[in-house]
Amino acid sequence: MKGRNNPGDDKIRRKGSWKVFGSFFRKVKLSWGLIILSLVISIAYYGVVSFVPGSTAALYAGDFSMAAIMGLVINYLGTLVLSLATSISQLFASAKSVRSARNSVWKRMMGIRMDYYNENDPGKLLSAVTSDTEATISLLITVIISVPSMILYLFMCLTQVSMYNKKLLAVLFVLIPVYILYAIFMGRLQYRIGRNIQVRIGGLTGFLSERIRNLTLIKSFVTEKKEENAGIEASTRLYKANVQYQYISGFLTGFTFFTDAIATVLAVLWGCLLLQRQEINLEAWLAFFLFVPMINTVLRQISMMWGNIKELQGRASRLGAMMEAPQEDRRENGEKSVPQGDIVFDKVSFSYNQKKEILSGLDLVIPKGKMTAITGVSGSGKTTILKLMEQLYLPNEGRISAGGTDIEKINLDAWREKISYVNQDATTFGGTIRECLTYGIHRNVSDQELTDAVRQAGILDYIKEQPQGMDTPMAIWGNGMSGGQKQRMVIARELLKDADILLLDEPTSALDAETASGIIDTIYRRFKGKTIVTVSHELDFIARADKIVVLKQGRIIGSGSHESLMEQCPDYKELVEEQSYEEVYGA
């Protein structure tokens, strides 16, 4: 099992490579039906357009027959209708594909193993679902539809020109080296700038998300000006990347005028020469003169499309790397029935990203239906034990079992359904109070159940004071509620979930003594008979536990009751004395 949590083994080091690009292309879901329809319409459009110069040249050369006139009218009408149809179909294909791709990216993000986020800030990945996906998929669909259409269009134009005189084609190939050099140079440049823009967008999104969430902290430390300047700097970096992109756009405009001028001059000179030698007639020269700008345009667009492909490769590199990020093994075929019994850590070792070892050969028994309290100095591995129990991470070595069954053989969703988790942040989402209380509960919850739960958690009076009761909207992240109110709300949620295992991570550390005491009483009273594991420094909480485990540097240095540890574990006794245990308990 060694090394399962090393994202370095899974990290994509081939940033921008075709392999990453191909991975992204394969894993996102696109609206292929609309894309193929749009491609067919686009090919039909270019097919009709390719006949316009011939029809126009015949008319200019003096053919005013009804067939010639009607042919030209039909060509122009067909071009108009098919152009409109191409635009509309591509718009719908792009919109639906962006939606499907966003769903694919979001689903992928939800399944990524937690160790990936140790090295990749989730805040900065938010733009992957929003701007990255839209920009990448829109460009991808443009490439899929345009490239085959333009190549076929170029072939049809060259075929028609050659039917007049093959010598006419000679001058066109003078332009090809220019476009090849352009494609190579601009392709590399567009790749770098395209990726740079997406990274800058991600950085700005992550920065703003983090600062907005912590506005209270910013105001408390009077750092508004500092954060304002930092936000401006992040925005400036994005601005500079966009300016580089605009430089490219300006260069493209100049390049367009340059190649159009060269193509026109060459067409006039070469056509006049062949006309003077009587190798072509006037109609052929006129058709050739009309074909040249069309062929020049499509050559330029194809070379520019290579630049777009390289830009797409750059934009997709971050998404591709994320789509290849290691996924949680949900073990769909694993055991759906969670065994009852003690939870046992057998020689468990763990480190984040294969760096400093957090747990080392840990042997621990968490008795079923009892409260086990884990304490120790900061950094000793207490919270890591809870994360391993939830299987947010997997041990590098060793085994964790429940009722004698390795928990890694149990269906992941079934295992987590048996666990409730309460942390010191009292995490909630925006929505109504009812939605907050029933979050993650996959059954219908009656009003009576809600009332009973909030009463037992001590939050009923607060809810009654709200204008819409249970249906009162809550601010995002629970802003506007006190720490105690949020914590009681979370306790009520876990009462409704009624899971077999309750994990508590410093649930009272941010609360005043009176509020903390009330929550502790609620936990002991309402969750009696459940398997409870609490991580805490609050000794008035852990001293009442059935079993206390003392950690130091990832190893157990003491285990037993409060009384026995006071006598046998100096580190525990020191922790007690530091918190004036005698004053709290009057002992």
Side chains of [X] and [Y]: does their closest heavy-atom pair fall under 4.5 Å?
{"X": "M114", "Y": "K387", "answer": "no"}
{"X": "I112", "Y": "E328", "answer": "no"}
{"X": "M470", "Y": "V454", "answer": "yes"}
{"X": "D447", "Y": "R434", "answer": "yes"}
{"X": "I410", "Y": "P339", "answer": "yes"}
{"X": "N411", "Y": "E332", "answer": "yes"}
{"X": "T384", "Y": "Y352", "answer": "yes"}
{"X": "Y117", "Y": "M109", "answer": "yes"}

Could you tell me whether a side-chain N or O of [X] sits under 3.5 Å from a main-chain N or O of [Y], the two making a donor and an acceptor?
{"X": "Q466", "Y": "Y462", "value": "yes"}
{"X": "T438", "Y": "I441", "value": "no"}
{"X": "Q487", "Y": "P507", "value": "yes"}
{"X": "K382", "Y": "G376", "value": "yes"}
{"X": "S104", "Y": "S100", "value": "yes"}
{"X": "K497", "Y": "I419", "value": "yes"}
{"X": "S349", "Y": "G361", "value": "yes"}
{"X": "T375", "Y": "V550", "value": "no"}
{"X": "S97", "Y": "S31", "value": "yes"}
{"X": "K29", "Y": "N103", "value": "no"}

| request: Take V338 and D500 through the test side chain to side chain contact (heavy atoms under 4.5 Å, CB included) and record every step on the way to the result. | output: CA-CA 10 Å; V338 178; D500 294 334; over 6 Å; no
How close do [X] and [Y] get, counting heavy atoms only, and between which atoms?
{"X": "S351", "Y": "N396", "answer": "N-OD1, 2.6 Å"}
{"X": "R330", "Y": "D413", "answer": "NH2-OD1, 2.5 Å"}
{"X": "I343", "Y": "I400", "answer": "CG2-CG2, 4.1 Å"}
{"X": "G469", "Y": "T472", "answer": "O-OG1, 2.9 Å"}
{"X": "A101", "Y": "I137", "answer": "CB-CG1, 3.5 Å"}
{"X": "K368", "Y": "D342", "answer": "N-OD1, 2.9 Å"}

| R544 to Y524, cation-pi by 6.0 Å centre distance and 45° axis angle |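 Yes.
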| Side-chain donor-acceptor pair present, Q456, D452, cut-off under 3.5 Å |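 No, no side-chain donor-acceptor pair sits under 3.5 Å.
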If the threshold is 4.0 Å, N to carboxylate O, is there a salt bridge linking [X] and [Y]?
{"X": "K225", "Y": "E228", "value": "yes"}
{"X": "K464", "Y": "D461", "value": "no"}
{"X": "R399", "Y": "D346", "value": "no"}

Could you tell me whether [X] atom [atom1] has more than 12 heavy atoms of other residues or ligands within 6.0 Å of it?
{"X": "K336", "atom1": "NZ", "value": "yes"}
{"X": "K27", "atom1": "NZ", "value": "yes"}
{"X": "E390", "atom1": "CD", "value": "yes"}
{"X": "W32", "atom1": "CH2", "value": "yes"}
{"X": "K96", "atom1": "NZ", "value": "no"}

Any chance you could measure [X], atom [atom1], to [Y], atom [atom2], to the nearest 0.5 Å?
{"X": "K370", "Y": "K547", "atom1": "NZ", "atom2": "NZ", "result": "12.0 Å"}
{"X": "Y421", "Y": "I501", "atom1": "OH", "atom2": "CD1", "result": "14.5 Å"}
{"X": "L565", "Y": "L575", "atom1": "CG", "atom2": "CG", "result": "10.5 Å"}
{"X": "I532", "Y": "M371", "atom1": "CD1", "atom2": "CE", "result": "4.0 Å"}
{"X": "R526", "Y": "L502", "atom1": "CZ", "atom2": "CG", "result": "11.0 Å"}
{"X": "Q90", "Y": "S138", "atom1": "CD", "atom2": "OG", "result": "9.0 Å"}

| message | For Q391, run the side-chain hydrogen bond (donor to acceptor under 3.5 Å, both in side chains) check against R416, E408, R113, R331 and tell me which one passes. | response |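 It is R331; the other options fail the test.
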| request: Please lay out, stage by stage, how V28 and T136 fare under the test side chain to side chain contact (heavy atoms under 4.5 Å, CB included). | output: CA-CA 11 Å; V28 296; T136 302; over 6 Å; no
| request: Assess whether side-chain hydrogen bond (donor to acceptor under 3.5 Å, both in side chains) is satisfied between S420 and E494, documenting all intermediate values. | output: CA-CA 6 Å; S420 289; E494 304 314 326; 2.8 Å; yes
| query | Would F345 and L388 count as a side chain to side chain contact (heavy atoms under 4.5 Å, CB included) if you check the C-alpha gap in whole Å, the side-chain angles of each, and the deciding distance to 0.1 Å? | reply | CA-CA 10 Å; F345 284 62; L388 290 173; 4.3 Å; yes
| How far apart are the C-alpha atoms of L362 and I385, what are their side-chain angles, what is the distance that settles it, and do they pass the side chain to side chain contact (heavy atoms under 4.5 Å, CB included) test? | CA-CA 10 Å; L362 184 75; I385 290 175; 3.9 Å; yes
